[in-house]
Amino acid sequence: MPIANILRDKLTRLCVAETEVTRQALRLIANDKAGTYPKNTQLRARIELQRMPRYSRPTAVHSRCVESGKTRGHVTDYKVSRIVFREKALAGEIPGVRKSCW
């Protein structure tokens with residue numbers, strides 16, 4: 001099951017990267033407060049933003065563990081879940097990370 005989630009996340013990241021420049025340009029036109037663009041052009045830009053693919057939104061991208069595919073308990077610096085991080089740290093596979101003792 002996690003394989004499908006990982007593939008979907010990769011597809012989403014690819015789609016976001018492809019449409020990023022277009023989305024930024026349309027958002028600039030649609031949210032113009034200075035009035036440099038006519039209202040008709042702003043309305044068309046908003047409609048085009050709504051017609052863009054669903055998975056092209058940057059908010060659809062989740063931080064995901066590269067080994068297990070989990071989205072929760074993600075250690076951002078190492079790009080793994082907390083469970084995988086603990087296993088790797090105890091096995092000594094992560095340089096500079098040791099089990100603490102005090």
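Treat the numbers as computed from the prediction; the structure is a model and nothing was measured.
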Q: Can you tell me which residue pairs pass the ring-ring contact (aromatic ring centres under 6.0 Å, His included) test with a partner in residues 13-67, sequence neighbours excluded?
A: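 Qualifying pairs, neighbours excluded: none.
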By side-chain contact (heavy atoms from CB on, under 4.5 Å) - contacts of [X] (at least two apart):
X   : answer
T19 : M52, S56
L90 : R86, K99
S63 : H74
A17 : none

Check which hydrophobic residues are tied to [X] through side-chain heavy-atom contacts below 4.5 Å, counting indirect links as well, and list them.
X   : value
L14 : none
I94 : V66, V75, Y78, V80, V84, F85, V97
I83 : none
I47 : L43

Q: Return the set of residues passing side chain to side chain donor-acceptor pair (under 3.5 Å) with R13 (not counting sequence neighbours), or none when no residue passes.
A: D9
Q | Where at least one partner belongs to residues 28-56, residue pairs that pass salt bridge (charged side-chain N to carboxylate O under 4.0 Å, His left out), sequence neighbours excluded | A |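 For residues 28-56, and leaving out neighbouring residues, the salt bridge (charged side-chain N to carboxylate O under 4.0 Å, His left out) pairs sorted by first residue read E48-R51.
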Q: With sequence neighbours excluded, tell me which residues meet salt bridge (Lys or Arg N to Asp or Glu O under 4.0 Å) with K88.
A: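 Checked K88 against salt bridge (Lys or Arg N to Asp or Glu O under 4.0 Å); matches are E67, E93.
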